[in-house]
Protein chains: 4
Amino acid sequence: MVKISNRRERKKRDSKNAIIEAAVTLFAQKGYNDTSIAEIMSEADLGLGTFYNYFQSKEEILKHFLAEITLNINQSYTKLLQEPRPAAEVLSEMFLLTGRILDQNRFVLPLFLSAAARGAGGKPHAPSPGRLTFKSIFLSIIQDGQAKGEFRSDIPAEVITEMFHAVFQAASFSSLDIGFMENIEYKLKIILTGLAAGGRQPG
Amino acid sequence: MVKISNRRERKKRDSKNAIIEAAVTLFAQKGYNDTSIAEIMSEADLGLGTFYNYFQSKEEILKHFLAEITLNINQSYTKLLQEPRPAAEVLSEMFLLTGRILDQNRFVLPLFLSAAARGAGGKPHAPSPGRLTFKSIFLSIIQDGQAKGEFRSDIPAEVITEMFHAVFQAASFSSLDIGFMENIEYKLKIILTGLAAGGRQPG
Amino acid sequence: MVKISNRRERKKRDSKNAIIEAAVTLFAQKGYNDTSIAEIMSEADLGLGTFYNYFQSKEEILKHFLAEITLNINQSYTKLLQEPRPAAEVLSEMFLLTGRILDQNRFVLPLFLSAAARGAGGKPHAPSPGRLTFKSIFLSIIQDGQAKGEFRSDIPAEVITEMFHAVFQAASFSSLDIGFMENIEYKLKIILTGLAAGGRQPG
Amino acid sequence: MVKISNRRERKKRDSKNAIIEAAVTLFAQKGYNDTSIAEIMSEADLGLGTFYNYFQSKEEILKHFLAEITLNINQSYTKLLQEPRPAAEVLSEMFLLTGRILDQNRFVLPLFLSAAARGAGGKPHAPSPGRLTFKSIFLSIIQDGQAKGEFRSDIPAEVITEMFHAVFQAASFSSLDIGFMENIEYKLKIILTGLAAGGRQPG
DNA sequence: CATGAATGAGGCTTCATTCAT
DNA sequence: CATGAATGAAGCCTCATTCAT
């Protein structure tokens with residue numbers, strides 16, 4: 001009565017997964033704009049029309065990814081802030097965790113960028129996904145650190161936040177032959193040193 | 001008699017400049033992909049076909065911009081390295097100078113990114129711009145600084161180079177209400193502090 | 001347990017009826033072309049594929065309606081002509097009766113029209129419904145009236161027949177806030193007066 | 001200086017005319033919905049994309065026709081009402097004139113109908129052409145006639161107006177082998193007789 | 001019989017590019 | 001050199017129909 005079939009359900013999930021996987025692959029390879037649905041479905045080894053059984057439009061699959069990432073990050077955020085610890089520590093963990101998630105969805109960054117590039121006057125249906133909230137998360141951690149005197153205060157917290165964002169971007173498109181995580185760990189070191197309260201450069 | 005108007009004053013700055021100017025404006029506003037040649041030529045107040053008297057294709061005008069920027073930067077580089085000075089100082093100037101150039105051509109960053117996103121397997125005629133050389137410039141300055149003991153050596157010079165690149169990107173798409181130059185100056189401070197030889201973070 | 005609901009009560013009126021009912025509703029609301037089979041089956045609370053257990057194609061259900069209407073009208077025709085009466089009387093009753101049937105299937109008129117519009121060169125499988133015979137019915141009544149001297153004879157019977165047809169169409173798409181039947185009754189009055197044998201207009 | 005070229009201008013007009021002509025032909029043959037732009041441009045012996053140099057969308061060419069007809073009719077209306085005459089006379093002329101215009105654009109009626117059929121809840125961009133005003137024209141003439149006692153007053157003027165509308169429709173899709181104008185002239189006779197003030201049917 | 005995922009032809013529209021003037 | 005009409009490949013999306021379960 002309850003389980004109508006099962007093989008059917010399984011195949012359906014398979015198809016959706018195939019589409020998502022193909023989309024991830026191609027978006028990562030060629031970017032969102034330069035990937036056609038025909039290509040995705042060809043990569044997924046499915047008929048063109050099948051795409052629309054799972055997503056209402058090309059933009060829809062994008063939202064799917066963004067929503068997934070947002071969810072992931074928010075969940076982790078909640079866990080991380082359970083117990084109070086030094087800001088630098090929280091920041092490090094939050095940063096690395098975000099890095100791991102982005103590492104698996106690297107194609108999303110260009111989308112954020114192109115959305116940002118279009119600015120406010122962009123298309124009506126632009127893929128504005130409810131603004132990935134990790135900016136506000138980083139911001140509050142940094143402000144907290146500044147308040148506690150852990151971080152220098154001569155740099156606006158917003159600017160510092162952007163800096164972290166930038167690191168993710170840069171690592172996403174890095175052509176260096178070190179891994180994504182290693183890449184951002186190096187950069188984290190620089191920033192944390194640069195942020196330390198006492199640190200003032202000679203000049 | 002009166003109506004011919006606009007088309008008149010163009011002669012001074014010839015058509016090619018009008019096209020370039022229009023392209024810069026629109027690329028900055030809407031991005032490369034979302035700007036059509038028809039729009040450019042309309043903005044330039046010229047006939048559509050005239051575009052092809054000056055550029056072989058849409059991609060061509062892109063290469064033009066990249067080449068121009070590269071040239072600008074290289075010239076400045078040459079001047080800057082005339083007289084020997086501390087690496088941090090050279091780096092700062094080089095950085096700010098690059099910033100000023102990019103500030104006037106902000107639309108190019110997304111193009112670098114999408115080009116990077118496409119990776120090696122991109123289109124046949126991909127806009128490979130002869131690799132903008134400012135990476136190598138920064139790299140050599142940083143390596144020099146590390147060699148002289150000015151900069152910490154536990155971070156690969158390549159990674160540091162990327163960091164500067166990242167800062168430009170982030171500032172390009174910043175939604176903060178401070179200017180581009182102010183933005184990157186803040187970030188420069190952080191990095192320079194973070195790079196200073198003695199600087200080690202507590203953890 | 002509770003959620004299965006709707007699907008249950010369907011058994012009484014079997015699936016075919018549910019489909020027909022849904023089709024009538026939607027055709028009337030949005031027209032034939034703009035109604036998809038998916039919509040029909042969703043409205044009917046049945047699986048999409050089920051449609052093809054009852055109708056060979058989308059066009060098939062159309063033919064079904066037309067055939068049904070034709071049958072209805074023919075049956076009434078037979079009854080009406082049982083006993084001899086004045087042509088005007090027969091015509092009136094026939095007219096109003098047809099009106100009542102059409103009133104309940106208003107969506108068919110556009111289909112007649114579009115079919116007519118396509119003319120002879122239409123699609124291979126055009127919905128040629130075996131020509132709804134009510135034209136011939138009206139025609140014979142009118143010819144009868146003309147023969148008996150009840151109706152004027154300076155207008156071809158075929159043209160008068162068309163006139164009745166037109167009245168149905170107009171009423172179907174009327175935006176006046178009187179009902180369909182009231183609407184056609186008014187028009188019937190005009191035509192009957194205009195048809196009366198003695199009636200000649202001044203000019 | 002003023003005439004840029006001339007051959008160009010001519011060719012441009014030719015192309016637009018070819019498109020319009022092809023559209024009229026096909027719309028009349030198969031209806032608006034069942035005519036694709038590809039077909040139109042093939043009939044016009046032009047490339048598919050060329051359509052969009054002259055009309056912004058498929059709907060746009062429709063508006064073009066409707067606007068043209070509306071204009072035609074309105075101009076004639078103005079002329080006709082210059083001098084006061086019996087309502088029946090004005091009505092006759094107006095009717096026949098409208099008929100002649102529609103005769104040359106027969107494919108438009110189905111469009112009015114399908115628009116009407118969709119009702120108020122139709123598509124956002126439905127081809128609502130500012131409502132062809134001939135309804136209001138006919139209405140005022142008829143009301144005038146009723147006021148002057150020329151026409152019977154037991155039928156609402158709106159209903160009578162619809163009747164005329166209906167006649168045009170019916171004649172448009174007539175399969176009789178008489179011409180459009182002859183067809184509507186017959187029907188005009190019936191209606192005028194039926195409208196005459198004294199005329200009352202026996203029953 | 002019931003189901004709905006899969007399919008691909010076909011429709012609309014955009015736009016880089018060509019070419020005759 | 002300037003022009004812009006013409007072009008058609010390519011993209012997104014809809015939907016009638018099939019078929020395996």
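These numbers come from the heavy atoms of this one structure, side chains and all, not from hydrogens, waters or symmetry mates. In the text below, chain A, chain B and the rest are named by the order of the sequence lines, each starting its count at 1. Predicted model only: the values in this text are computed from it and were never measured.
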Query - Cation-pi, D/Y52 ring and D/K58 (6.0 angstrom, 45 degrees) - result: no
Report summary line: Taken to the nearest whole Å, CD/A/E59 to P/F/dC13 is 8 Å
Query raised in the report: Would you say the side chain of A/F51 lies within less than 4.5 Å of the side chain of A/Q56, judging by non-hydrogen atoms?
Result: no
Requested in this report: Grab the CZ-P distance between D/R10 and E/dT21 for me, whole Å please.
Outcome: 11 Å
Report task. Counting heavy atoms from C-beta on, name the nucleotide in E/dA16, F/dA5, E/dA6 closest to the side chain of B/S36. Result -> E/dA16
Query - side chain to side chain contact (heavy atoms under 4.5 Å, CB included) between A/F65 and A/V24, intermediate numbers included - result: CA-CA 9 Å; A/F65 289 129; A/V24 169; 3.5 Å; yes
Report summary line: Closest to the 5' end of DNA chain E, once B/K58 and A/Y54 are matched to their nearest nucleotides, is A/Y54
**Report entry** Euclidean distance, atom CG of residue D/L26 to atom C1' of E/dG11 [Å, nearest integer]
**Finding:** 15 Å
Query raised in the report: When the distance from NZ of D/K16 to C1' of F/dG4 is rounded to whole Å, what number comes out?
Result: 16 Å
Query raised in the report: When you measure from the side chain of D/S15 to the backbone N and O of D/K11, does any donor-acceptor pair fall under 3.5 Å?
Result: yes
Requested in this report: Would you check if B/I20 and B/Y54 make a side-chain contact, meaning some heavy-atom pair closer than 4.5 Å?
Outcome: no
Query - Atom pair distance, as rounded to whole Å: CZ in A/F55 and P in F/dC13 - result: 13 Å
Query raised in the report: So which of residues 37-53 of chain D are in contact with DNA chain F, with a heavy-atom cut-off of under 4.0 Å?
Result: D/L46, D/G47, D/G49, D/T50, D/N53
Query - Whole-Å gap separating C1' (E/dT21) and NZ (D/K11) - result: 9 Å
Requested in this report: Can you tell me the pairing partner of E/dA20 across any strand shown, Watson-Crick or G-U wobble, with both distances under 3.5 angstrom?
Outcome: F/dT3
Report task. Rounded to the nearest angstrom, tell me the gap between atom CD1 in C/I61 and atom P in F/dA16. Result -> 12 Å
Query raised in the report: Any side-chain N or O of B/S15 under 4.0 Å from OP1/OP2 of F/dC1?
Result: no
Query raised in the report: Given atom CD1 of D/I19 and atom P of F/dA6, what is their separation to the nearest angstrom?
Result: 7 Å
Query raised in the report: Are A/E21 and A/E43 side-chain neighbours, meaning at least one heavy-atom pair lies under 4.5 Å?
Result: no
Query - D/K16 NZ/CZ over D/F55 ring centroid, <6.0 Å and within 45° of normal - result: yes
